[in-house]
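Each remark here refers to the structure printed beneath this line.
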Number of protein chains: 2
Amino acid sequence: MMSTTEKISLLVVDDHPMVLEGMRSMLAQFGYVHLTGLASNAWEAMDLIKQERPHIVLTDINMPEVSGIELAEKIRREFPGVKVIAMSTFKERSYIAQMIQHGAVGYLLKSASREEIEEALLRVYEGYMYMSHHLHMTEPEQQETKQLPVLTSREKEVLQLISDGCTNPEIAKRLFISLHTVDTHRKNLLTKFNVNNTALLIKIATKAALL
Amino acid sequence: MMSTTEKISLLVVDDHPMVLEGMRSMLAQFGYVHLTGLASNAWEAMDLIKQERPHIVLTDINMPEVSGIELAEKIRREFPGVKVIAMSTFKERSYIAQMIQHGAVGYLLKSASREEIEEALLRVYEGYMYMSHHLHMTEPEQQETKQLPVLTSREKEVLQLISDGCTNPEIAKRLFISLHTVDTHRKNLLTKFNVNNTALLIKIATKAALL
DNA sequence: GTGAGAATCACCTGAAAGGGGGATGGCGTA
DNA sequence: TACGCCATCCCCCTTTCAGGTGATTCTCAC
């Protein structure tokens, strides 16, 4: 099944010892995989990566202290050649998107079969991306999507400038309108998003990809 | 190649007529695809989706007025059963992540071959996700990643609460510390991120997936 | 042509945030 | 031990923001 004789070196990161053990025994069945180490948190992982430079790091997303997402980001920054596959028990798409945004090239569910793990490792090793199959939009996450308010074009402009760090006077100058007008738009934004300060407004808008 | 006799109904969205025409002729070669329509912007697309309810919408990302990302979000909200495959000429991962976050189940490069488009349509139709192969971490995007400041655990807590919309007095109460202390942490956050107000701080932190 | 919504401008008040400064104890490490 | 880093607390002052209320123009659709 392998096109080369080199073994894929692999590091597994998870805060649950049971999971690590399970992965170890499962991976032992794959002749072409060399398990370079097991880490129970991001710091251990970074140390081992520094020492061993594995081809692939298979990491849990939900870990205390430093999440798998942050770990992926660290790996991308310090060891760009090392590929990251994320694992999670949840199907939330938001995690997938975050992981990819932070450099992961694969996403596996922990419930993945032996065959799926095998396919993921091989494809990622060969330079492709691999996404878990079981992602057919579950119902619960649908309703989780809160509807965004409808913004006018002017409100969008103001929102953009706010998110760029402009103060109201700066926005007024840029848009050639009065400070009062900017203030009004800003208040309308807060009202429409149903929040009471800028911080939350910007977080919601950013997560909704309006910015 | 198809496991069912039903044709896959498809809507293509792109603001370049040439691309639409090219897709039309290419798709005509796939016997199992029924092209329900071509749209040159998001509004046309939504109208056609409402009428035709295609299985899959293949949409460009870079469109004026309303981007493909926003269109994906609209489709997810109004027609959850309709699957979205995004297309773009660029390889930026950030677009991929955003598209997925907003409901896309596939990502194609416009340079994709006939075979790749075929595979994408079939896999998405069958309920899987499909990601373009040609995504081996290009160099330019690497350096684009700006390094984030190192935050202390306390600063992370404060940052999180700020992003939740808490004011300094509220944060002080929650963390059982003085208002002055919260203020100090907040100032340090602004300094570390090299910004001068909360709005930009939150945007950067959110985009970096710290929140 | 009436009405709805958008965009504009205005005034007021109090709370919150931003920008300086300085100070203390704790804790780990060089 | 001395230094750096963190977390904590305190003061000053100015600017900005949030909440409320109200009004005028303009456009677009009905």
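Protein chains get the first letters and strands the later ones, always in sequence-line order, with residue 1 at the start of each.
- For the pair N197(B) CG and dG19(C) C1', the computed distance is 13 Å after rounding to whole Å.
- Residues of residues 167-180 of chain B having a heavy atom closer than 4.0 Å to DNA chain D, listed by number: I177(B), S178(B), H180(B).
- Minimum interatomic distance between Y130(B) and E116(B) (heavy atoms only, all atoms of both residues): OH-CG, 2.9 Å.
- Atom CD1 in I162(B) sits about 12 Å away from atom C1' in dA16(C), given to the nearest Å.
- For the pair L161(B) CG and dA17(C) C1', the computed distance is 16 Å after rounding to whole Å.
- In the region residues 181-189 of chain A, proximity to DNA chain C at under 4.0 angstrom, judged on heavy atoms, holds for T181(A), T184(A), H185(A).
- Contact between the side-chain N/O atoms of R154(B) and the OP1/OP2 oxygens of dT8(D) is found at a separation under 4.0 Å.
- The NZ-P distance, from K192(B) to dG18(C), rounds to 17 Å in whole Å.
- We find that E155(A) and R186(A) are not joined by a salt bridge, their nearest charged nitrogen and carboxylate oxygen being 4.0 Å or further apart.
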Going through the checks in order, is the side-chain hydrogen bond (donor to acceptor under 3.5 Å, both in side chains) test met by H55(A) and S9(A)? CA-CA 5 Å; H55(A) 294 120; S9(A) 61; 3.2 Å; yes
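- With contacts defined as side-chain heavy-atom distances shorter than 4.5 Å, the pair I171(A)/H185(A) does not qualify.
- For the residue pair I85(B) and Y107(B), the shortest heavy atom distance occurs at CG2-N, 4.1 Å.
- A straight line from CZ of F193(B) to C1' of dA17(C) spans 18 Å, rounded to a whole angstrom.
- Between E157(B) and R174(B) there is no salt bridge, since no side-chain N of the basic residue sits under 4.0 Å from a carboxylate O of the acidic one.
- A salt bridge does not link K173(A) to E170(A): none of the charged side-chain nitrogens sits closer than 4.0 Å to a carboxylate oxygen.
- From M87(A), atom CE reaches atom CD1 of I61(A) across 9.0 Å, with rounding to the nearest 0.5 Å.
- In this structure, CG of N196(B) is placed 12 Å from C1' of dT15(D), rounded to the nearest angstrom.
- Among the heavy atoms of the strands lying under 4.0 Å from S153(B) are primed sugar atoms or P, OP1, OP2 only; no base atom is included.
- The distance from atom CG of L190(B) to atom C1' of dA16(C) is 13 Å, rounded to the nearest whole Å.
- In this structure, the CD atom of E157(A) is 15 Å from the P atom of dA6(C), given to the nearest Å.
- To the nearest 0.5 Å, the span separating CD on Q160(B) from SG on C166(B) amounts to 9.5 Å.
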